[in-house]
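What follows is a set of notes on a single structure, which appears directly below.
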Amino acid sequence: MSDKTFYATTPIFYVNAEPHIGHAYTTILVDVVTRYHRLKGDDTFFLTGTDEHGEKIQKAADAAGISPQAYTDQISSKFRSTWDDLGIRYDEFIRTTEERHKKTVNEILQTVYDKGDIIFGEYGGLYCIGCERYLTEKELVDGKCKDHDTVPEYRSEENYFFRMEKYRPWLIEYIEDNPDFIRPERYRNEVLGILREPIGDLSISRPKDRVPWGIPLPWDDNHVTYVWFDALINYYSALESQGTTERYWPAVNHFIAKDILKPHGVFWPTMLKSAGLPIYKHLNVHGYWQTDTGKMSKSKGNVVRPLDLKDKYGNDAFRYYLLKDMSFGLDSTFGELGLAERVNADLANDLGNLLNRTLGMLNKYFDSVVPESAEPTEADNELLTSFKALPADIDVFFEKLQFDRGIERIMESVRLSNRYIAETKPWELAKDESKKERLGTVLYNCVEALRCAAIALSPVIPDKSLELLAQLGLGDNYTIEGAGNWGLSYAGTKTQAGTPLFPRIDMDELRASVEADVATGDTNMSDETTAIATGEAVSAETEEVTGIVHKDEVTIDDFAKLEFRVAEIVACENHPKADKLLVLSVKLADEERTIVSGIREWYDAEDLVGKKVIIVANLKPVKLRGILSQGMIMAAEDADGNLAVSALDKDIASGSEVR
RNA sequence: GGCGAUAUAGCUCAGCUGGUUAGAGCGCACGACUCAUAAUCGUGAGGUCGACGGUUCAAGUCCGUCUAUCGCUACCA
């Protein structure tokens, strides 16, 4: 038994969507890591949960005609049942709507507030609209923002801010002093990159009258906590509520996908620092599974979803593929063919078949009873050495989060076992009664090899490992030391062959069916590759709202304040200092104006010349990257980010007013 | 535009502080074997180590420039 502790977390997932491959990967990953540590005898704790507050939830619940609580109950339980289906063995499932969580959020908010690290927006100061934050005196040049060349305005916002910027120098130093704090290194560098520039203060509240579905600030009931000070704290509140903070917090390992690096790598440590709490131990960041989604199938709603494949191929095969085919930190491509190939090569051919051929020979030569082993000979040495070194070897990889390589190391020993059989040729030994003892030794070694491999793989394929051990006549009581401890199988044990662990997948058949799907567009294997963010969590802000959200009603007088006019584009060129902006010269009758517009992604400069568009003519001019823009071109943008500029039905004189 | 990461056999990736003929797994081809899930075992095919230039007795491995991909960040009135 080790005296180490290990506390691992997944993000808490936002309940406005059902679980997908991204959520699943992070959670499976943490499950594997936690199982591994448990196998080593560590005192482990595995936390997952759901993030349930915010405007989006409120709206979704309204739309569904039920209370937010009922709505979140529904979705949250869907996450739970998905994890159960996937064989996830979490220790605790936290929901941000639980009292225990709110209690800790309140305590931390109050602590940070009392410390003076939370300021009210009205406190405000010089706010640069372009920067979307308050500026310090040092950042002003001639009283203007040096980035935008505009005079910042005095602003009083109805918002509370966490004084995060204050902790920037500390955080930089902390990350530099602790090389393993954020890993892999690429993400550590990325955070350091973010910290090179001011990070500003963090808005942490929303007015309660607008967003009632949240945790009220302890000192001001008119505001609720917004996102981060609510969601991130779950990692801590879960322990607080159980009184296990001292036991587990020092060993906390967060696992996230790269899309939420900033909140976890920047916001969270500064929050902890301000609250006077110990900083978490490791932030482990993984990449995305790129999934192929066809447009047509998407709209038809018949996409073969990755999570469906776990039903088709089984949980353990699914988990094995996810762990083996991704280098931690990098992106990988998810595909059914890849999964099938992986399962065939490693699990069916190498491991599953090793079990079958061993059991087959035991049955044939020893009546399915594990034989006595004589002293190992020279010929057995390589096999024994490989397995004895296995636990230490995989530990090096797993500790470095190199799960693919750790698993590969196990498979190396498995493949060696197959070679061992080819070299010792038990079927020939069986023909000579005088070699019976040697035959027994060889098969005993095969049983041992399988036992050790099954234990080493058990964090990844827990169910199949148990099945394998059961077929060998062994129970489920094992530790990682057992994986390298040769000779724990007992002669005389009755083995019982069962169904193949991992049935071989017919690749020709699968390819044919995939091709047929491609032909009909009924597939997820098209060439249009879309990145699906994994671990889409604590990021309510970026979530889509379905349906159109209307703005407040205006009167005709309000509308009359705006001046829309037809403008003819007479010249257009790329903005020299910005790569998303176009600089257009437009004519309103005889008047010529310059307008800077961010439509370069959709229009080439030359294509626009000669077109007539509708502009907002009385918008206050503003400098964009050094060029004064005297108006705004009207354009429509859809939910997918496609954009089209306004066009007129008939030709009409430029300068005409639009009403 | 700024910052960063990545670019090695068909595919996925190893190659630490520079040093004999650049490695692994998968896939593929051929051969062997028969205990086994047409599984296994052996052999092989020869990749200008993204491009160009430089440092060095010696560079995939260091420096510079460039290109491509990805990410973060600023601009999208």
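In what follows, every chain begins at residue 1, and chains take the letters A, B, ... in the order their sequences are listed.
When the C1' atom of B:C11 is taken as reference, atom OH of A:Tyr321 falls 11 Å away, rounded to whole Å. Atom-to-atom, CD of A:Glu185 to P of B:C72 comes out at 19 Å; the value is rounded to the nearest Å. In this structure, the NZ atom of A:Lys324 is 9 Å from the P atom of B:C26, given to the nearest Å. Counting to the nearest Å, the P atom of B:U12 and the CD1 atom of A:Ile407 are 18 Å from each other. Straight-line distance from the CD atom of A:Glu412 to the C1' atom of B:G23: 12 Å, rounded to whole Å. Rounded to an integer number of Å, the gap from A:Gln402 CD to B:C13 C1' is 11 Å. If you measure from atom CZ of A:Phe328 to atom P of B:A14, you get 14 Å, rounded to the nearest angstrom. If you take OH of A:Tyr320 and C1' of B:U12, they are 13 Å apart, rounded to a whole angstrom.
Within 4.0 Å of A:Leu501, counting heavy atoms only, lies at least one base atom of the nucleic acid. When heavy atoms are screened at a 4.0 angstrom cut-off, A:Met361 is found touching base atoms of the nucleic acid. The residue A:Phe502 sits close to a base: some heavy atom pair falls under 4.0 Å. If you check every strand for non-hydrogen atoms under 4.0 Å, A:Pro503 touches a base. Residue A:Asn356 is in base contact, counting any heavy-atom pair closer than 4.0 Å across all strands shown.
Atom CD of A:Glu657 has more than 12 heavy atoms from other residues, nucleotides or ligands within 6.0 Å.
When the P atom is used for both B:C33 and B:G47, the distance is 31 Å, rounded to whole Å. When the C1' atom is used for both B:G46 and B:G23, the distance is 14 Å, rounded to whole Å. B:C62 sits 8 Å from B:U55 when the C1' atoms are compared, rounded to a whole Å. Taking atom P on both B:U43 and B:G50, the two are 29 Å apart, rounded to the nearest angstrom. Distance check on atom P: B:C28 versus B:C11 gives 15 Å, rounded to whole Å. To the nearest whole angstrom, the two P atoms, one in B:A74 and one in B:U12, are 32 Å apart. The separation of B:A22 from B:C63, taken at their C1' atoms, amounts to 22 Å, rounded to a whole angstrom. For the P atom pair drawn from B:C49 and B:U40, the interatomic distance equals 33 Å after rounding to whole Å.
A donor-acceptor pair under 3.5 Å links the side-chain atoms of A:Asp331 to the main chain of A:Tyr288, judged by distance alone.
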Nucleotide N/O to protein N/O under 3.5 Å, stretch nucleotides 41-44 of chain B:
from: B:C41; atom 1: OP1; to: A:Arg415; atom 2: O; distance (Å): 3.3
from: B:G42; atom 1: OP1; to: A:Arg419; atom 2: NE; distance (Å): 3.1

Heteroatom pairs (N/O) under 3.5 angstrom, protein to nucleotides 3-10 of chain B:
from: B:C3; atom 1: O2'; to: A:Arg196; atom 2: NH2; distance (Å): 2.3
from: B:A5; atom 1: O2'; to: A:Arg186; atom 2: NH1; distance (Å): 3.3
from: B:A5; atom 1: O2'; to: A:Arg186; atom 2: NH2; distance (Å): 3.2

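Taking only side-chain atoms of A:Arg342, from C-beta outward, the nucleotide of B:U37, B:C13, B:C26 with the closest atom is B:C26. Among B:C35, B:C26, B:U37, the nucleotide with an atom closest to any side-chain atom of A:Glu341 is B:C26. Side-chain proximity of A:Asn353 to the nucleotides B:C35, B:A36, B:G25 is greatest for B:A36. Closest to the side chain of A:Glu408, from the set B:G25, B:U37, B:U40, is B:G25.
For the residue pair A:Glu382 / A:Tyr420, no side-chain donor-acceptor distance below 3.5 Å is found, with atom types taken as modelled. With hydrogens and angles left out, the side-chain atoms of A:Ser332 and A:Asp325 include no donor and acceptor closer than 3.5 Å. Counting only N and O atoms by type, the side chains of A:Ser585 and A:Thr594 include no donor and acceptor under 3.5 Å apart. Side chains of A:Asn353 and A:Arg504: a donor-acceptor N/O pair is absent below 3.5 angstrom, by distance only.
Summarising the base pairing, B:U65 is matched to B:A51 through a Watson-Crick or G-U wobble pair whose two defining distances lie under 3.5 Å. In this structure, B:U34 forms no base pair with any nucleotide, since neither Watson-Crick nor G-U wobble geometry is met with both distances under 3.5 Å. Pairing of B:G25, defined by two Watson-Crick or G-U wobble distances under 3.5 Å, is identified with B:C11. In a base pair of the Watson-Crick type (N1 to N3 plus N6-O4 or O6-N4) or a G-U wobble (N1-O2 and O6-N3), with each distance short of 3.5 Å, B:C3 is matched with B:G71. If you check B:C76 for Watson-Crick or wobble pairing at under 3.5 angstrom, you find it has no partner at all.
Taking the six-membered ring where tryptophan is involved, the planes of A:Tyr174 and A:Phe181 are perpendicular, since the angle between them exceeds 60° and thus also 30°.
Among all heavy-atom pairs drawn from A:Leu501 and A:Pro503, the shortest one is O-CD, 3.8 Å.
Screening A:Asn349, A:Ile461, A:Asn344, A:Asp346 for a side-chain contact (heavy atoms from CB on, under 4.5 Å) with A:Phe502, the sole residue that qualifies is A:Ile461.
Cation-pi geometry between A:Lys400 and A:Phe328 is not met: the NZ or CZ atom fails to fall both under 6.0 Å from the ring centre and inside 45° of the normal.
Atoms CG and CD1, on A:Leu195 and A:Ile172 in that order, are 5.0 Å from each other to the nearest 0.5 Å. Distance check, rounded to the nearest 0.5 Å: SG of A:Cys452 to CD1 of A:Ile410 gives 11.0 Å. The NE2 atom of A:His264 lies 9.5 Å from the CG atom of A:Leu261; values are rounded to the nearest 0.5 Å. Expressed to the nearest 0.5 Å, how far CZ of A:Arg168 lies from CD of A:Glu173 amounts to 13.5 Å.
Using a 4.0 Å cut-off on heavy atoms, none of the residues of residues 432-454 of chain A approach RNA chain B.
Residue-to-nucleotide proximity on RNA chain B shows that, of A:Asp404 and A:Tyr187, the 5′-proximal contact is made by A:Asp404.
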